[in-house]
Every structure is written in structure tokens, then in C-alpha cells.
Amino acid sequence: SEELHTMRAELRDKAHDLQGAVADLNQSITIQPKKQELFTKRAHIFLKASQLEAAQADISIALKLKPEDPQAIALRGGLNSKLDRYDKAI
């Protein structure tokens with residue numbers, strides 16, 4: 001189920017298995033493609049793994065699904081900071 005994949009992704013993230021966490025979140029997204037939180041979680045992991053383009057794609061999807069989500073907005077700021085786009089980081 002989506003919940004089991006998501007829980008396992010969180011455990012893998014804590015164990016620094018970022019690739020495994022992404023794989024589990026991919027499964028969760030396949031099951032629940034409109035669940036904004038899944039894209040936010042995966043974007044966070046992509047940022048940790050310095051996969052900035054993938055993080056940007058997931059942040060964009062998350063914000064389309066839920067434009068005022070504080071976590072997605074914060075992730076976008078962190079991404080812009082990593083990309084040295086300080087004018088957009090705030």
C-alpha cells in the first residue's frame with residue numbers, strides 16, 4: 001500500500017539509503033499520484049542527494065497540487081539557495 005511504501009521510505013531516509021527511499025516514494029506516487037505530500041517528501045530526499053533538477057520538478061508538482069504548502073515553499077527556498085538564486089530563495 002502507499003502508506004507502507006511511504007513509511008519504508010522514511011526509514012530508509014533515516015538510514016541514509018536515499019536511493020531506496022526514492023524507490024519507495026516512486027511506488028507510493030504510482031499508487032497516489034495526486035498526493036502532494038509524497039512529492040514534497042521525494043523533493044526533500046532529492047535535495048539531500050544533490051539531485052537538484054529532480055527536486056525542482058517535484059517541488060513544482062507539489063506546489064501545483066497545493067500552492068500554499070509551507071513545506072514545499074521552504075524546499076523551494078532551499079533549492080534556490082543551493083542554486084545561488086538568493087533573490088528567489090525568500
Side-chain angles (χ1 to χ4, degrees):
S1 77
E2 173 264 318
E3 293 89 3
L4 289 175
H5 286 291
T6 302
M7 282 191 278
R8 189 167 63 183
E10 290 171 0
L11 291 172
R12 286 181 168 182
D13 178 25
K14 286 183 169 84
H16 307 289
D17 176 9
L18 302 182
Q19 186 175 358
V22 167
D24 278 323
L25 286 169
N26 290 343
Q27 290 294 320
S28 293
I29 289 168
T30 298
I31 297 166
Q32 291 285 340
K34 302 264 186 223
K35 192 168 182 181
Q36 179 269 343
E37 297 85 7
L38 299 174
F39 290 97
T40 302
K41 287 178 190 287
R42 193 171 67 177
H44 180 73
I45 292 168
F46 282 141
L47 277 175
K48 282 182 165 182
S50 295
Q51 294 181 19
L52 303 183
E53 287 182 20
Q56 186 169 20
D58 275 2
I59 291 166
S60 293
I61 293 168
L63 288 170
K64 283 180 187 168
L65 293 170
K66 193 174 176 186
E68 300 301 318
D69 181 65
Q71 272 191 309
I73 291 168
L75 284 173
R76 183 179 59 193
L79 173 67
N80 285 327
S81 179
K82 282 188 177 225
L83 294 171
D84 292 329
R85 294 190 289 199
Y86 296 108
D87 58 320
K88 295 181 180 181
I90 301 173

So do Asn80 and Arg76 actually touch side chain to side chain, heavy atoms under 4.5 Å?
yes
Using modelled atom types only, decide if a donor and an acceptor are shared between the side chain of Ser60 and the backbone of Gln56 within a distance under 3.5 Å.
yes
Separation between CG of Leu75 and OG1 of Thr40, rounded to the nearest 0.5 Å:
6.5 Å
Interatomic spacing from CG in Asp58 to NZ in Lys41 - rounded to 0.5 Å:
13.0 Å
Gln36, CD: over 12 other non-hydrogen atoms inside 6.0 angstrom
yes
Mind checking the CG-CD spacing from Leu25 to Glu2? Nearest 0.5 Å is all I need.
9.0 Å
What distance do Lys82 atom NZ and Leu47 atom CG have between them, rounded to the nearest 0.5 Å?
6.0 Å
Is there side-chain contact between Leu65 and Lys35, with heavy atoms separated by less than 4.5 Å?
no
From OG (Ser28) to CD (Gln32), nearest 0.5 Å
9.0 Å
Applying salt bridge (Lys or Arg N to Asp or Glu O under 4.0 Å), name anything that partners Arg12, two or more places apart in sequence or on another chain.
Asp17, Asp24
How about CD on Glu68, more than 12 heavy atoms from neighbouring residues, nucleotides or ligands closer than 6.0 Å, or not?
no
Is it the case that one hydrophobic cluster holds both Leu4 and Leu11, taking links as side-chain heavy atoms less than 4.5 Å apart, direct or via other members?
no
dist Glu37:CD -> Phe39:CZ (nearest 0.5 Å) comes out at 10.5 Å
According to a 4.5 Å side-chain heavy-atom criterion applied to Ile, Leu, Val, Met, Phe, Trp and Tyr, with indirect links allowed, do Ile31 and Leu38 form part of one hydrophobic cluster?
no
Any ion pair linking Lys48 and Asp13 (charged N to carboxylate O, less than 4.0 Å)?
yes
Cluster link Ile45 to Ile29, ILVMFWY, side chain under 4.5 Å:
yes
Where is the tightest heavy-atom contact between Ile73 and Leu63, given as atom of each residue plus distance?
CG1-CD2, 3.9 Å
